[in-house]
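Only one structure is covered here, and it is reproduced in the block below.
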Protein chains: 2
Amino acid sequence: MDAVLDEAAGKRARGLDRAFEILDFLRQKRQALKPNEIAAQIGAPRSSVYELVNLLLRNGILEFTGGEGRVYLGRKLYFLGAAYENHFDFTRECEAVLERLADETRETAQFCMLDGNKYTVVRMREGARPFRISTDIGQSVPIPWTASGRLLVAHRTDEDILTFIPSQDFRLPGGEWLDPQHFLAEVRQAEREGFFTFNSIVDSFTHCFAVPVMDEGGHAAATLCLVTPRDDGLANRDRYLARLKEAAASLNHAPTRAKRG
Amino acid sequence: MDAVLDEAAGKRARGLDRAFEILDFLRQKRQALKPNEIAAQIGAPRSSVYELVNLLLRNGILEFTGGEGRVYLGRKLYFLGAAYENHFDFTRECEAVLERLADETRETAQFCMLDGNKYTVVRMREGARPFRISTDIGQSVPIPWTASGRLLVAHRTDEDILTFIPSQDFRLPGGEWLDPQHFLAEVRQAEREGFFTFNSIVDSFTHCFAVPVMDEGGHAAATLCLVTPRDDGLANRDRYLARLKEAAASLNHAPTRAKRG
DNA sequence: ATCATCTGTACGCTATATTGGACATAGACG
DNA sequence: CGTCTATGTCCAATATAGCGTACAGATGAT
């Protein structure tokens, strides 16, 4: 799952890696599970999982919830996450920017980042339309499926990108394969132009706009996106892009600034 | 620190415990530190800390930031925390409630919980006054120092409370000691009345109001508080308490409700 | 009643993670 | 120049964590 531990089969797994595998698994499932179920579904020894779950429970990293001995992510994680959010305090400005974007365009606006080697939607503001387009927050999505994905890996070399992205992630939900060379070409194009737009390759009715939010190193630390119906996207392309770029510019220096006293 | 691991001296520490000790320490410090500094300040072997820090870096639990090899809490923690927040989705309603409270009373309103055996402010909304009263979000504070503390331990037995709260936490910031028996009496009073108010014992100018937010088990899962200048608090006592109780009632069923699709 | 499945606990073996200390480098300071 | 501290890496010794496996209660199907 996390591409770190299954390098060699048959080896013993390290407790820490297993622990975070459990946490990631629960996050992905988005529901409380019994230790037994966790063990079965991630393919880990039951005794190890029980041991780890108990350890994590004692530390407040996991919590009993949902009854029947089921566990889910715990309060301590919330506090740690809040500390991260506070340190790189993009969130406050971010919400405001998304709100403005959604108001101006009436389209769904998203703030996206990489989570390891996957793409994920961190914040979202739904647009003001009768049929709204939305996605799940915090779900892991293969990088090549998304417009933002082109921007978020653009600081890497071609070779680096292909080792970074799991090869099966080039398989689209329909089953067709995306040519990695074609993907790389789009990455370079996105890097040159400073944005990327396309008719989404994961459905048949949306058009996606993505612009990078730069960190101080000049990399794309995140992206701002609009997800629109295809005809609206094409009709308002220039205006939407301009709005997005303004919005991204207002965030560009925000990340990674500590606010120590 | 975490009251879990230092039971017996001289033993080897478990990697997982050490790891979370490091994370908690960084959260407490609220700044990036070098592995060396972490080792020195938490009193752990340098080699172990380096090993763990590297592991955590590889998993995205820690991140390099601040230069010079300094590390701080990582993005993965943010995602895990967001998943927790999403599952027990008190946050959205919570912000709204705090905003309303702050508007109605013009005083500082807080949402507080326990983090292990400490009290912590999770969310805050500053009041509309020329000199605003505020506190740091996410800092760990001894339970006996706070009005909310009386409510947050009220479901426990007296004996349980005294083992749960570290004895040195009864020492107030000025150096005086709070009598544990007096504290227990206040806990029982708070439990009976369903709220607790007092002139803060950690400063000389504030009055604190706290009411519990109940979970489905009837425990105080959190508290809503108002922090006011003493004279305003006394003058508006009845009105403030009524507002707080209304607000808490509107949150009472909210926690622990999953929003699965 | 019998069997199968799911669940949690207990225990011993051994691969290995944790640890202390040695080593290397770089700067500060006199 | 030598000496001291701060920093990071490497390595071998051994306490122990992860694992397989056996055990036991609960539940439900036949």
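Basis for what follows: all heavy atoms, side chains included, without hydrogens, waters or symmetry-related copies. Below, read A as the first sequence line, B as the second, and so on, with proteins coming before strands; counting in each chain starts at 1. Every value quoted in this text rests on a predicted model; they were computed, and no experiment measured them.
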Self-check item: Candidate pair K76(A) and D24(B), rule salt bridge (Lys or Arg N to Asp or Glu O under 4.0 Å), full reasoning
Solution: CA-CA 9 Å; K76(A) 183 79 106 204; D24(B) 259 345; 3.2 Å; yes
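- Using a 4.0 Å cut-off between a side-chain N of Lys or Arg and a carboxylate O of Asp or Glu, D169(A) and K118(A) qualify as a salt bridge.
- Here the nucleotide nearest the side chain of P35(B), chosen from dG8(D), dT18(C), dG20(C), is dG8(D).
- For an aromatic pair to be called close, the ring centres must be under 6.0 Å apart, and Y78(A) with F88(B) fails this.
- When each of dG8(D), dC19(D), dT7(C) is scored by its nearest atom to the side-chain atoms of K34(A), the top-ranked nucleotide is dT7(C).
- Listed pair R12(A) / dG20(D) fails the phosphate criterion, with no side-chain N or O lying under 4.0 Å from OP1 or OP2.
- As a whole-Å value, the separation of D17(B) CG from dT16(D) C1' is 13 Å.
- Protein atom CG of L52(A) is 9 Å distant from nucleotide atom C1' of dA17(D), rounded to whole Å.
- Among the protein residues, R46(B) comes within range of the nucleic acid bases, having at least one heavy atom under 4.0 Å from a base atom.
- Relative orientation of the F20(A) and F20(B) rings is tilted, given thresholds of 30° and 60° on the angle between their planes.
- Protein atom CD of E68(A) is 14 Å distant from nucleotide atom P of dA26(D), rounded to whole Å.
- OP1 or OP2 of dT18(C) lies within a sub-4.0 Å distance of a side-chain N or O belonging to R14(A).
- Considering all non-hydrogen atoms of both residues, S250(B) and E93(B) come closest at O-OE1, 4.3 Å.
- To the nearest angstrom, C1' of dA24(C) lies 13 Å from OH of Y50(B).
- Atoms CG (L55(A)) and C1' (dG18(D)) sit 12 Å apart, rounded to a whole Å.
- In terms of phosphate contacts, N36(A) brings a side-chain nitrogen or oxygen within less than 4.0 Å of OP1 or OP2 of dT7(C).
- Residue R18(A) contributes atom CZ, which lies 15 Å from atom C1' of dT16(C) at whole-angstrom precision.
- Computed from coordinates, the Q41(A) CD to dT7(C) P distance equals 10 Å when rounded to whole Å.
- Heavy-atom nearest nucleotides on DNA chain D were determined for E37(B) and for L16(A), and the one closer to the 5' end corresponds to E37(B).
- Contact of S47(B) with dG20(C) (side chain to base): a donor-acceptor pair of N or O atoms is detected under 3.5 Å.
- Rounded to an integer number of Å, the gap from E51(A) CD to dT16(D) C1' is 10 Å.
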